[in-house]
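Note sheet for the following structure.
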Amino acid sequence: GQLERLGLSYDWTRQMAAHRPEYYKFDQWFFLKMYEMGLAYKKMTQVNWCEFDQATLSNEQASGGICWRCGSAVTKKNLEQWFFKTTAYADQLLDDMAEIEAGWPANVLKRQRDWIGRSEGAYVDFKVQSSKFQVEEKNIESIRVFTTRIDTIYGVNAVVVAAEHPIVQAHLGELSPAVIAKIKEIKIEKMKPADREAEIEKDGIDTGLMAVNPFSGEELPVWIGNYVMMEYGTGAVMSVPAHDERDFEFAKKFGLNIKQVIVSGQQSVVGDQPELSEAFSDYGSLINSGQWSVKTSEDAKLEMSTFATANGFGEVATTYRLRDWGISRQRFWGSPIPIIYCRSCGVVPEKYENLPVRLPDTAPFTGTGESPLAKVPEFYETVCPNCNEPAKRETDTMDTFVDSSWYYFRYLDPNNAEMPFSPDAAAYWAPVDQYIGGDDHAVMHLIYTRFWTKVMRDIGLVKFNEPAKRLLAQGMVVGETFYNEEGGKRVYYPPSGVMVERDAKGKVVGAKSTDGVSLTWAIERMSKSKGNGVDPDEMIDIYGADASRLFILFAAPIENELVWNESGIEGSVRFLQRVWRIVWKWKERIHGPRSKVQSGESTPEVRKLRQKTHQTIQRITENLEDLQFNTPVAALMELSNAIGDFKVEPDQANEGEVFAVREAIESLVLMLAPFAPHTAEELYEQFAGNGDGMLANGARFPEFDPELIKFDEIEIPVQVNGKLRSRVLASPDATTDQLQELALNDKKIKEYTNGKEIVKVVVVPKRLVSIVVKG
RNA sequence: GCUGGGGUGGCGGAAUUGGUAGACGCCCAGGACUUAAAAUCCUGUGCCUUUAGGGGCGUACGGGUUCGAUUCCCGUCCCCAGUACCA
């Protein structure tokens with residue numbers, strides 16, 4: 001966790017997994033289970049392929065057909081890839097969030113909800129009329145659209161499909177050259193780098209094909225639109241310009257007809273409506289919609305989808321943004337996918353007793369986009385588990401997220417040779433009480449591991465739905481960066497060689513490199529290429545491990561992003577040194593076993609120090625329960641200040657004073673242990689009288705005594721007309737009347753109340769007195 | 001644009017069932033110790049004002065509710081994060 005906060009972590013578990021056959025044996029075990037359940041399947045997909053790097057790239061790495069690293073062209077390649085059916089669990093992933101809502105950060109759940117992106121609506125089929133269709137007359141061809149607003153279907157002016165839609169492919173022969181050209185243009189445009197902020201202008205063309213609105217019987221043109229995505233829904237939409245912003249924009253641009261079919265509220269309107277200046281996308285009541293007119297949107301949606309189902313041209317449908325999880329990787333490391341291809345038996349899963357399928361020691365780059373393992377005959381040449389004929393292994397390996405989805409369950413039963421872990425061990429230990437991870441895992445890792453848990457539940461390994469009851473997403477440590485972008489490419493300058501100009505308030509207004517280049521200032525995740533990283537070894541050399549850790553915990557709440565700034569770390573060093581000096585100052589008097597019961601005289605000073613000690617124990621105990629780490633450090637500092645303020649020299653201290661000091665120091669040292677363990681252990685030797693350490697000596701986190709926390713006297717603020725005017729001292733048990741009496745007789749308060757009418761006195765016991773006067 | 005989270009001193013941040021705003025630390029200033037420096041210790045430190053006691057203002061901005069608002073409500077501005085022609 002600390003390394004992660006320093007922005008320097010790499011995932012140990014995932015790296016380890018790649019080198020441990022006994023571990024990835026069970027990745028393969030799980031794969032076979034999923035294959036049996038129909039949750040693992042293979043399909044043809046397109047991947048980005050960088051010729052220069054000879055590697056497959058993700059979408060982010062290949063924005064618009066250019067490799068982010070080398071800048072060379074990226075081509076699309078067809079590859080058969082393995083997938084896990086995460087979409088089969090989409091509803092559970094959403095609905096089970098109720099179980100973990102209390103313990104997971106809201107923004108993580110929200111991001112997951114968006115990522116899954118459930119959308120409820122209906123499919124509607126629009127029959128296509130074309131010359132080709134008329135000739136063949138075999139299968140009735142239709143375009144299926146997805147809509148969340150079936151109630152607006154009488155307002156459809158066109159069916160708009162993506163350029164890649166199969167209907168376009170099927171009718172290529174009938175399309176005019178202009179349409180073919182436009183399709184090409186749109187496809188090329190989509191390949192270009194996507195400017196995040198820029199709004200893409202609507203573009204499209206009428207294909208000449210016609211489709212029929214199954215509700216109204218209207219004949220509608222089929223358009224191709226650049227704003228329709230093949231990847232979502234069905235790749236085709238019904239265009240309702242009056243009630244959808246995008247369709248409105250599209251219709252305006254191409255002069256298509258805009259027909260309003262929903263009006264707000266319950267008005268029953270006959271005839272034409274005034275022309276709309278923008279799309280009206282709220283719910284309302286239907287107009288110009290045949291038998292459905294006057295109904296509300298809500299009712300119409302239900303009834304119209306039922307009607308469509310009954311008449312065979314549609315159905316209620318839910319779509320998701322979530323895709324199935326592509327687990328194929330063309331790498332020579334990672335757990336091999338245990339599948340064998342046999343000429344006569346086809347796709348055959350490996351037998352459980354043959355697991356693990358082992359990786360070769362090394363494999364060459366293929367340069368083709370295929371896995372390096374495809375060049376290693378010793379690896380892929382095998383026999384079919386079914387018919388024993390020569391066969392070929394799958395050469396793809398699994399995504400490392402597969403390992404990270406369940407690694408922590410292996411901790412429950414690490415030596416189990418038969419199964420990933422025994423259900424008994426899981427029943428005893430799991431689910432996880434507290435999971436800690438970086439914010440950056442919110443949607444990928446944490447969705448996969450939730451999915452995995454549901455699969456484990458369905459194969460009987462566990463009995464719960466969710467892997468972790470509580471999640472802490474700690475913030476990252478980030479650093480200042482300086483770069484120049486003029487050459488088209490970002491060039492980073494190490495912060496040490498940058499002159500920063502700040503305004504009177506200390507805000508950065510500009511920066512220049514030593515050779516005079518003006519630079520842009522930013523705060524970014526640490527990385528070597530940006531030169532803003534912090535080397536923990538260096539920090540430990542200079543300040544020590546304890547001070548470094550203490551500072552990171554103290555500087556900001558754990559969930560905050562922390563902008564690295566070394567100026568505060570000296571404070572941690574000073575604090576630890578101060579504690580050290582306190583212990584050494586008192587070490588002759590605090591040696592040996594301590595009794596729980598106070599002995600000696602109890603002066604006000606002694607009581608005060610003991611009170612502070614026990615209050616601090618209480619605060620820190622509560623803070624740690626809430627996973628707050630910055631405020632306990634502050635509390636420890638306060639306690640050490642209080643000990644420092646106790647003005648008695650060790651050689652003059654009486655029994656009672658020694659008791660109080662010893663209790664304070666020992667509590668301080670014990671509570672310091674989680675934050676600065678090395679220092680705390682060394683100091684603890686002074687109490688233990690041996691070097692065996694806290695655990696061996698049976699040390700415990702201190703407990704507070706509720707009796708000692710009570711105050712003899714508390715300060716009660718007194719307000720007059722809402723303004724703080726005085727403070728009075730009172731017993732914490734003082735009654736309302738006593739407090740009112742005290743406040744009204746206070747000298748300062750009298751100055752404010754003299755000659756005025758007291759309208760009201762509000763007394764909050766133990767808290768304050770508020771007086772309202774008039775005149 | 002939408003969604004989520006925020007806006008508190010020079011800085012990181014404390015404090016919220018509505019009850020003394022600024023804990024703790026950093027920075028800065030002054031002092032003690034020292035031939036001197038470092039280290040350490042002490043004092044001060046939200047802003048304005050006053051000789052002083054004190055007074056006024058202050059939790060992004062403008063309103064509201066309340067004896068009392070950093071906290072609750074309405075509106076505005078700004079920042080951060082996520083996300084996107086999601087039909």
Side-chain angles (χ1 to χ4, degrees), chain A residues 105-115 117-119 121-122 145-150 152 160 194 196-197 199-202 225-229 231-240 243-247 249-250 281 319-321 439 442-443 475 502-507 523 550-551 554-557 559-572 574-575 577-578 581 619 628 630-641 644 714-727 748 751 758-773:
Chain A
N107 81 84
V108 170
L109 293 180
K110 193 244 159 207
R111 281 176 64 186
Q112 293 202 1
R113 207 167 276 129
D114 289 352
W115 187 265
R118 177 159 64 191
S119 176
V145 303
F146 176 72
T147 179
T148 53
R149 294 298 302 274
I150 196 170
T152 65
V160 186
R196 275 196 86 74
E197 295 304 307
E199 207 169 302
I200 302 153
E201 195 175 342
K202 299 271 180 300
N226 67 341
Y227 69 100
V228 180
M229 295 181 304
E231 304 81 48
Y232 183 77
T234 60
V237 301
M238 57 182 221
S239 168
V240 188
H243 306 292
D244 181 280
E245 255 176 63
R246 293 152 299 170
D247 297 338
E249 206 186 320
F250 194 68
S281 51
T319 59
Y320 301 89
R321 209 189 80 103
D439 235 345
V443 282
R502 291 172 196 270
D503 65 12
K505 286 198 158 189
K507 297 261 190 293
I523 288 176
L550 193 72
F551 172 66
F554 176 59
E559 66 276 8
N560 277 23
E561 198 168 71
L562 175 63
V563 180
W564 187 252
N565 178 356
E566 257 165 62
S567 68
I569 197 166
E570 301 277 0
S572 297
R574 280 201 280 265
F575 167 65
Q577 289 173 339
R578 214 152 43 225
R581 278 197 300 270
R619 264 175 74 185
Q628 276 186 283
N630 56 332
T631 44
V633 177
L636 289 172
M637 289 173 172
E638 283 185 47
L639 181 57
S640 99
N641 290 345
I714 49 176
E715 215 179 43
I716 304 283
V718 183
Q719 296 180 348
V720 178
N721 285 352
K723 286 193 196 300
L724 178 73
R725 293 302 181 188
S726 183
R727 299 179 172 94
K748 275 184 179 167
E751 287 172 30
I758 293 174
V759 182
K760 192 176 177 184
V761 180
V762 181
V763 180
V764 184
K766 294 185 193 179
R767 278 258 127 101
L768 64 30
V769 179
S770 181
I771 300 161
V772 189
V773 296

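In this text the structure is predicted, and so the values were computed from the model without any measurement. We name chains A, B, ... by the order of the sequence lines, and we start the count at 1 in each one.
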### Message
What's the gap between B:C74 and B:U65 when it is taken at their C1' atoms, as a whole Å value?
### Response
11 Å
### Message
Using the side-chain heavy atoms of A:K723, tell me which of these nucleotides is nearest: B:A15, B:C57, B:A87.
### Response
B:C57
#### Entry: OP1 or OP2 of B:G13 under 4.0 Å from side-chain N/O of A:N560
yes
### Separation of the P atoms in B:C77 and B:G68, to the nearest angstrom
29 Å
#### Entry: Whole-Å C1' distance, B:A29 and B:U20
28 Å
### Task
Identify, with sequence neighbours excluded, every residue that meets ring-ring contact (aromatic ring centres under 6.0 Å, His included) alongside A:Y232.
none
### Nearest-nucleotide pick for A:P557, side chain only, options being B:C86, B:G13, B:U3
B:G13
### Query
Counting only side-chain N and O atoms of A:N630, is one of them less than 4.0 Å from OP1 or OP2 of B:G12?
no
### Query
Taking the same atom, C1', in B:G7 and in B:A21, what whole-Å distance lies between them?
16 Å
### Query
Start at the 5' end of RNA chain B and walk down; is the nucleotide closest to A:E245 or to A:A634 reached first?
A:E245
### Query
Is A:N641 near enough to B:A23 that one of its side-chain N or O atoms lies under 4.0 angstrom from OP1 or OP2?
no
### Task
Take atom C1' in B:G12 and the same atom in B:G22, then report the distance between them in whole Å.
13 Å
### Task
Please measure how far the P atom in B:U16 lies from the corresponding atom in B:U70, and state the result in whole Å.
14 Å
### Query
Where the side chain of A:F146 is defined as all heavy atoms beyond and including C-beta, which of B:G13, B:A87, B:C24 is the nearest nucleotide?
B:A87
### Query
Do you know which two heavy atoms are closest between A:R767 and A:P717, and how far apart they sit?
O-CD, 3.0 Å
### Task
Could you give the distance separating B:G53 and B:C67 at their P atoms, to the nearest angstrom?
34 Å
#### Entry: Syn/anti state for B:G12 [syn: chi within 90° of 0]
anti
### Query
Does A:R725 have a side-chain nitrogen or oxygen under 4.0 Å from the phosphate oxygens OP1 or OP2 of B:G55?
yes
### side-chain N/O A:Y232 vs B:A87 OP1/OP2, d < 4.0 Å
yes
### Query
If we take the C1' atom in both B:G19 and B:U66, what is their distance in whole Å?
12 Å
### Query
Is B:C2 paired to anything, Watson-Crick or G-U wobble with both distances less than 3.5 Å, and if yes, which nucleotide?
B:G82
### Query
With nearest nucleotides of RNA chain B determined for A:E638 and A:A555 from heavy-atom distances, which residue corresponds to the more 5′ nucleotide?
A:A555
Between protein and nucleotides 37-44 of chain B, what N or O pairs are separated by less than 3.5 Å?
residue	atom	partner	partner atom	Å
B:U40	O3'	A:R581	NH2	3.2
B:C41	OP1	A:R581	NH2	3.4

All N/O contacts under 3.5 Å from nucleotides 64-67 of chain B to the protein, with atom names and distances to one decimal?
residue	atom	partner	partner atom	Å
B:C67	OP1	A:K760	NZ	3.3
B:C67	O2	A:S770	OG	2.6

